[in-house]
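Working notes for the structure below.
These numbers were taken from a predicted model, which means no experiment stands behind them. Every number for a ligand or one of its atoms is a count from 1 in the order of the listing.
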Amino acid sequence: MTEVPEITLNNGQRIPQFGFGVFLVPPAQTEQAVTTALAAGYRHIDTAQMYGNEKEVGEAIARSGLDRSDVYVTTKLANNAHLPDDARRAFDGSLKALGMDYVDLFLIHWPLPTRYDGDYVTTWDTLEEFYRDGRARSIGVSNFQAHHLRRLHTESEMPPAVDQIEVNPYLTQDELRGFCAEHQIAVEAWSPLGRGNVLGDPTIDDIARKYGKTPAQVVLRWHIERGDIVFPKSVSPARIGENIDIFDFQLAGDDVEAISALNRDQRTGPDPDTFAG
Ligand code: NAD
C-alpha cells in the first residue's frame, strides 16, 4: 500500500497530505470514483455541501469495508448557509447525507466579504460549536486571504486548522502560504493541477521526462515537496492510480524552484475578495 505522509494540524489532529477531490463529479459517478480511489490507497476525501455528492461519498466509504476512522473526510459549508441557524442545519444535513456522526474537517467554503454584512466571524464562531461538541474533529476555512485570517485571529477564539486555497505552478501563492506558515495554519492546495491547465507546460514536461514520471505526477509531487495538502480529482481509474503514484520519488530542490518560477499569479477560479457565491 502507498505510504502517504501525514501532517499534524495546530490542534494535534493528523491529516493525510494527499487525498481525492470530488468537485464536479456528478452524484451518479461519485460512488464509483470514490470506491476506485479507496481501492487505489486514497484515505482522504474532500467534498462540500455545494458539490451535491456527500451522500455518494458516504455510501462509497460505508461499502468499502474500511473503518470510519481510516478515512479522513472533509466537507464545507454552503454559501447560502452562513447565518448561525442555517449553518447548524446545514452541518446536521452533511452528517446525515454522509451517514456519519462526525467529519474530520469542516470548512467555511468562501469568505463572501460582500454578503452577510461581511461577517464571516460569526459564521466561524458557529463552526467552533461543531468542534467543541466533537462532531467536527477540526475546523478551517477555504479561500480566505491573509486579511480575512487576520480578522479571525483578532476577533475569535480558535485559529483555523487549515486554509484551502487555489494553488498551482501558475499561482504559487507564496505570500499567503507564508502567512499561514507563520500562524500554524496548514495549506490545502485546491485545483492542484490547475484543472489540467499547467500540464502542457514545457518546463514541467522536461522535468517529467527527467524523472520518468508524467507531468501530473511531477506537479503533485511539487505540492508535496512544498508541504501543501492536495486532493486531485479524476474519474478515470488510470489517472486516479497515476495521481497517487508519487511517493516513490522526490524532486531535487532546483526542480522545485524551476516549477515555482512559473508563477504568473493566474487564477482559474474566482477571486475571494469579490466572489459573492
Ligand atoms: P484539479 O487541478 O485536480 O484538476 C482536475 C482535472 O485535471 C480533471 O478534471 C482532469 O481533467 C485533469 N486530470 C486529473 N488527473 C490527471 C492526470 N493524471 N493527467 C492528466 N489530466 C488529469 O482540479 P479540481 O477538480 O478543480 O480540484 C481538485 C479538488 O480541489 C476538487 O475536487 C475539490 O475537492 C477541491 N476544490 C476546492 C475548491 C474550493 O473553493 N475550496 C475549488 C475547486 C476545487
Next on the checklist: Under 4.0 Å from a heavy atom of Ala216: which atoms of ligand 1 are those, numbered in the order shown and with their elements?
Outcome noted: 17 (C), 18 (N), 19 (N)
Next on the checklist: Tell me the nearest of Leu199, Leu24, Thr74, Ile240 to atom 20 (C) of ligand 1, using heavy-atom distances.
Outcome noted: Leu199
Item to check | Taking atom 4 (O) of ligand 1 as the reference point, the nearest protein heavy atom with its distance | outcome: Arg195 CA, 3.3 Å
Checklist outcome for this item: A student checking ligand 1 against Trp110 at a 4.0 Å heavy-atom cut-off should list atoms 40 (O)
Item to check | Enumerated ligand 1 atoms positioned under 4.0 Å from heavy atoms of Gly194 | outcome: 2 (O)
Checklist outcome for this item: for atom 18 (N) of ligand 1, nearest protein heavy atom and its distance come out as Asn243 OD1, 2.8 Å
Checklist entry - Does anything in residues 107-128 pair up under salt bridge (Lys or Arg N to Asp or Glu O under 4.0 Å), and if so which pairs, sequence neighbours excluded? => result Glu128-Arg132
Next on the checklist: Against Arg88, only a single residue in Asp92, Asp86, Asp85 fulfils salt bridge (charged side-chain N to carboxylate O under 4.0 Å, His left out); can you say which?
Outcome noted: Asp85
Checklist entry - Under 6.0 Å between ring centres, would you say that holds for Phe275 and His109? => result no
Checklist outcome for this item: In this structure, atom 43 (C) of ligand 1 is nearest to the protein heavy atom Trp190 CE3, 3.2 Å
Next on the checklist: Please list, in number order, the atoms of ligand 1 under 4.0 Å from a heavy atom of His109.
Outcome noted: 39 (C), 40 (O), 41 (N)
Checklist entry - Considering only protein heavy atoms, which is closest to atom 34 (O) of ligand 1, and at what distance to one decimal place? => result Asp46 OD2, 2.7 Å
Checklist entry - What part of Ser142, side chain from CB on, backbone N/CA/C/O, both or neither, has a heavy atom under 4.0 Å from ligand 1? => result side chain
Item to check | Nearest non-hydrogen partners of Ile108 and Tyr120, listed with the distance | outcome: CD1-O, 4.0 Å
Item to check | Sub-4.0 Å atoms of ligand 1 with respect to non-hydrogen atoms of Glu242 | outcome: 17 (C), 18 (N), 19 (N)
Checklist entry - To which protein heavy atom is atom 31 (C) of ligand 1 closest, and what is the distance rounded to 0.1 Å? => result Phe23 CB, 3.3 Å
Next on the checklist: For the 3.5 Å polar cut-off, considering only N or O atoms, please tell me whether Ser234 and ligand 1 meet it.
Outcome noted: no
Next on the checklist: Can you see whether Phe23 has Arg195 sitting over its ring - NZ or CZ less than 6.0 Å from the centre and within 45° of the normal?
Outcome noted: no
Checklist entry - Which protein non-hydrogen atom lies closest to atom 40 (O) of ligand 1, naming both residue and atom, and how far is it? => result Asn143 ND2, 3.0 Å
Checklist entry - Would Phe20 count as a contact of ligand 1 if the rule is a heavy atom under 4.0 Å away? => result no
Checklist entry - If we only count heavy atoms from C-beta on, is the Pro5 to Phe247 side-chain gap below 4.5 Å? => result yes
Item to check | Nearest-option assignment for atom 11 (O) of ligand 1, heavy atoms, candidates Lys233, Gln164, Arg239 | outcome: Arg239
Checklist entry - What atoms of ligand 1 come closer than 4.0 angstrom to any heavy atom of Phe231? => result 28 (C), 29 (C), 30 (O), 34 (O), 35 (C)
Item to check | atom 2 (O) of ligand 1 [closest protein heavy-atom partner, distance rounded to 0.1 Å] | outcome: Leu193 N, 2.8 Å
Next on the checklist: Between His147 and Asp273, is there a side-chain donor-acceptor contact under 3.5 Å, judged purely by atom types and distance?
Outcome noted: yes
Item to check | Side-chain H-bond candidate by donor/acceptor type, Gln49 with Ser94, under 3.5 Å | outcome: yes
Next on the checklist: Minimum distance, heavy atoms only, to atom 30 (O) of ligand 1: which one of Ser191, Gly196, Pro270 is it?
Outcome noted: Ser191
Next on the checklist: What verdict does the side-chain hydrogen bond (donor to acceptor under 3.5 Å, both in side chains) test give for Asn197 and Gln266, after you've listed the backbone C-alpha separation in whole Å, the side-chain angles of each residue and the deciding distance to 0.1 Å?
Outcome noted: CA-CA 11 Å; Asn197 283 354; Gln266 181 183 298; over 6 Å; no
Checklist outcome for this item: Quick look: Pro192 vs ligand 1, heavy-atom contacts under 4.0 Å, and the answer is both
Checklist entry - Do the non-hydrogen side-chain atoms of Val162 and Ser138 ever get within less than 4.5 Å of each other? => result no
Checklist entry - When you check the side-chain N and O atoms of Thr47 and Glu54, is any donor under 3.5 Å from an acceptor? => result no
Please tabulate, for the side chains in residues 202-209, all donor-acceptor contacts under 3.5 angstrom to protein atoms that are two or more places apart in sequence or on a different chain.
unit_1: Asp206; atom_1: OD1; unit_2: Arg209; atom_2: NH2; d: 2.8

